[in-house]
Amino acid sequence: RSTLFPYTTLFRSPYRRMTQDEKIAQITTIWTQKKQLFDGAGRFDAAAARRLYPSGIGQFARPSDLQGPGSPFKTAYRDVRQTIELVNGIQRYASSTRLRIPVLFHEEGLHGYAARGATHFPQAIALASSWDPALLERVFTVVAREIRARGVHMVLAPVVDVGRDPRWGRIEETYGEDPYLVGELGVAAVQGFQGRSLPLAPDRVLATLKHMTGHGQPESGTNAGPANLSERVLREVFFPPFRAAVERGNAQAVMPSYNEIDGVPSHVNRWLLHDVLRGEMGFKGAVVSDYFAIKELIETHHTTADPVSAAVRALKAGVDFDLPDGESYALLPRALAQGAITQAEIDEAVRRMLRLKFIALYGDRKSVV
């Protein structure tokens with residue numbers, strides 16, 4: 001089992017003591033650049049981390065993958081021992097930084113921990129065919145235990161998209177076409193991952209609801225295609241599972257969808273992420289970007305001209321963390337200098353990251369952050 005360190009210094013440190021670099025580090029992530037942190041034998045190199053990330057590391061993606069040359073999606077995986085050694089090495093480095101803020105690790109676990117030596121269950125659409133929420137809670141309790149045993153605190157699951165177009169290539173990731181069934185099973189999955197109370201128990205992980213929203217009914221069934229949906233359809237079909245998982249499951253993270261609704265990409269849709277999710281549903285957790293989605297505002301949606309503008313629009317819409325490499329949010333100090341965002345907007349995103357870490361590792365100490 002991965003060990004944790006007593007970061008009591010963080011709890012005694014006022015939030016205002018953080019430098020701008022330390023704040024930006026908390027809302028960015030490391031994934032495709034993780035190779036820079038390994039020595040010739042593939043072991044974590046604390047000296048390299050100190051040189052490259054002197055202000056600490058906010059989030060680290062998929063510690064179980066080896067991230068060799070080439071595409072990060074086509075890579076070998078570490079075994080259990082190797083993963084734990086990496087996680088512990090990174091946390092030891094974090095304990096040596098100025099504020100000793102621990103790193104939040106996330107992994108994939110749609111129907112089992114996506115790693116070597118883990119248990120895989122039937123795909124989501126097959127689990128949904130059981131019509132058995134109690135069974136799903138048991139399944140994801142096992143998944144959570146296997147993920148947390150390697151020192152990881154957060155999983156990018158469950159998918160509570162409602163699958164309304166069978167041509168869509170990710171239909172198997174959903175719990176089907178019925179909003180009520182998707183909602184009930186989504187609540188069960190969240191409770192399996194997180195348990196039924198917070199802070200997290202030592203064998204639980206934070207759940208991330210995916211993908212808000214309209215993802216399961218794209219134009220022509222094309223993945224990430226526009227979702228030309230009326231507000232009535234959104235409220236009757238696509239919002240209910242998210243509401244159920246937030247209100248009854250107490251999900252602590254939500255991931256926006258790649259697609260756009262009525263011409264507005266979900267990652268810059270303040271009505272969706274602020275008015276509906278936080279205002280109407282009462283969501284108190286953090287919004288994490290889908291992988292490369294902020295950059296895709298430029299390259300795919302063509303709604304933003306440059307990376308700084310993309311970061312500004314996403315942050316103002318309510319996206320707190322930039323996954324998987326933090327390329328866009330690393331530019332937020334430039335946006336701040338230009339007057340495009342305020343310090344308070346950056347601080348709010350940082351506060352939400354620290355809150356997740358307290359819930360996952362130490363309890364929810366809101367008065368500190």
Side-chain angles (χ1 to χ4, degrees), residues 106-111 121 123-125 127-128 130-144 147 153-164 170 173-201 204-217 233-257 266 269 272-290 318-321 352 355-356 359-360 364:
H106 73 251
E107 288 276 15
E108 297 282 355
L110 179 61
H111 59 106
F121 295 91
Q123 182 53 284
I125 197 72
L127 291 174
S130 70
W131 293 75
D132 190 342
L135 174 63
L136 264 74
E137 185 172 352
R138 289 170 55 202
V139 163
F140 289 107
T141 296
V142 172
V143 179
I147 294 175
H153 321 101
M154 184 174 177
V155 61
L156 303 185
V159 169
V160 290
D161 296 323
V162 180
R164 302 285 281 192
R170 298 179 67 171
E173 297 183 11
T174 76
Y175 294 132
E177 65 181 354
D178 180 76
Y180 177 75
L181 177 64
V182 174
E184 292 302 299
L185 298 184
V187 169
V190 171
Q191 291 174 337
F193 282 129
Q194 294 187 172
R196 291 174 176 261
S197 63
L198 294 174
L200 292 181
R204 302 288 181 165
V205 293
L206 297 166
T208 306
L209 304 179
K210 302 174 4 181
H211 308 83
M212 195 168 183
T213 189
H215 206 216
Q217 193 175 337
V233 171
L234 290 174
R235 292 188 176 280
E236 290 186 352
V237 176
F238 292 97
F239 287 172
F242 286 92
R243 180 184 292 276
V246 167
E247 293 181 348
R248 292 163 44 215
N250 201 18
Q252 292 298 306
V254 170
M255 178 181 287
S257 53
S266 295
N269 193 332
L272 180 68
L273 302 179
H274 183 271
D275 297 357
V276 174
L277 179 61
R278 295 194 180 279
E280 297 180 19
M281 298 183 187
F283 179 65
K284 303 299 184 185
V287 175
V288 306
S289 82
D290 207 338
V319 178
D320 299 305
F321 316 144
R352 288 170 180 156
R355 179 178 177 274
L356 283 190
I359 290 173
D364 184 6

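Note that this is a predicted model, so its numbers are computed, not measured.
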Please give me the minimum heavy-atom distance between [X] and [Y], naming the atom from each residue.
{"X": "His215", "Y": "Asp161", "answer": "ND1-OD2, 3.3 Å"}
{"X": "Gly282", "Y": "Val246", "answer": "C-CG1, 4.4 Å"}
{"X": "Phe193", "Y": "Ala144", "answer": "O-CB, 3.5 Å"}
{"X": "Pro158", "Y": "Tyr175", "answer": "CB-OH, 4.1 Å"}
{"X": "Glu280", "Y": "Glu247", "answer": "O-OE2, 4.3 Å"}
{"X": "Pro241", "Y": "Pro179", "answer": "CG-O, 3.7 Å"}

Just by distance, do the side chain of [X] and the backbone of [Y] share a donor-acceptor pair under 3.5 Å?
{"X": "Arg204", "Y": "Gly192", "answer": "yes"}
{"X": "Thr208", "Y": "Ala253", "answer": "no"}
{"X": "Lys210", "Y": "Leu156", "answer": "yes"}

From [X] [atom1] over to [Y] [atom2], what is the distance, rounded to the nearest 0.5 angstrom?
{"X": "Leu356", "Y": "His106", "atom1": "CG", "atom2": "NE2", "answer": "12.5 Å"}
{"X": "Asp132", "Y": "Leu127", "atom1": "CG", "atom2": "CG", "answer": "10.0 Å"}
{"X": "Phe242", "Y": "Leu272", "atom1": "CZ", "atom2": "CG", "answer": "8.5 Å"}
{"X": "His111", "Y": "Ile125", "atom1": "NE2", "atom2": "CD1", "answer": "12.5 Å"}
{"X": "Ser257", "Y": "Asn269", "atom1": "OG", "atom2": "CG", "answer": "9.0 Å"}
{"X": "Leu185", "Y": "Leu136", "atom1": "CG", "atom2": "CG", "answer": "5.0 Å"}

message = Please determine whether side-chain contact (heavy atoms from CB on, under 4.5 Å) holds for the pair Val276 and Phe239, giving the CA-CA distance in whole Å, both sets of side-chain angles, and the decisive distance to 0.1 Å.
response = CA-CA 9 Å; Val276 174; Phe239 287 172; 3.7 Å; yes

Check against side-chain contact (heavy atoms from CB on, under 4.5 Å), Asn250 and Leu198 = CA-CA 9 Å; Asn250 201 18; Leu198 294 174; 3.3 Å; yes

Do [X] and [Y] have side chains that get closer than 4.5 Å, going by heavy atoms?
{"X": "Trp131", "Y": "Glu184", "answer": "no"}
{"X": "Thr213", "Y": "Ser266", "answer": "no"}
{"X": "Glu107", "Y": "Val155", "answer": "no"}
{"X": "Leu206", "Y": "Ile359", "answer": "yes"}

ask   = Between His211 and Val159, is a side-chain contact (heavy atoms from CB on, under 4.5 Å) present by the stated rule, with each step listed?
value = CA-CA 7 Å; His211 308 83; Val159 169; 4.1 Å; yes

message = Would Asp320 and Lys284 count as a salt bridge (Lys or Arg N to Asp or Glu O under 4.0 Å) here? Give the steps.
response = CA-CA 12 Å; Asp320 299 305; Lys284 303 299 184 185; over 6 Å; no

ask   = Only one of Arg355, Gln194, Arg352 clears side chain to side chain donor-acceptor pair (under 3.5 Å) with Gln252; which?
value =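 Between Gln252 and the candidates, side chain to side chain donor-acceptor pair (under 3.5 Å) is satisfied uniquely by Arg355.
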
inquiry  = For the CZ atom on Arg235, are there more than 12 heavy atoms of other groups (residues, nucleotides or ligands in this structure) within a distance under 6.0 Å?
reply    =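 More than 12 heavy atoms, drawn from other residues, nucleotides or ligands, come within 6.0 Å of this atom.
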
query = Taking everything shown except Glu177 itself, do over 12 heavy atoms lie less than 6.0 Å from its CD?
reply =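 No, not enclosed.
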
query = Are Phe121 and Val142 close enough, and set up right, to give a side-chain contact (heavy atoms from CB on, under 4.5 Å), and what steps lead you there?
reply = CA-CA 10 Å; Phe121 295 91; Val142 172; 3.9 Å; yes

task = Check each of Asp290, Val319, Leu209 against Met255 using the side chain to side chain contact (heavy atoms under 4.5 Å, CB included) test, and report the only one that passes.
result =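 Filter result, single survivor: Asp290.
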
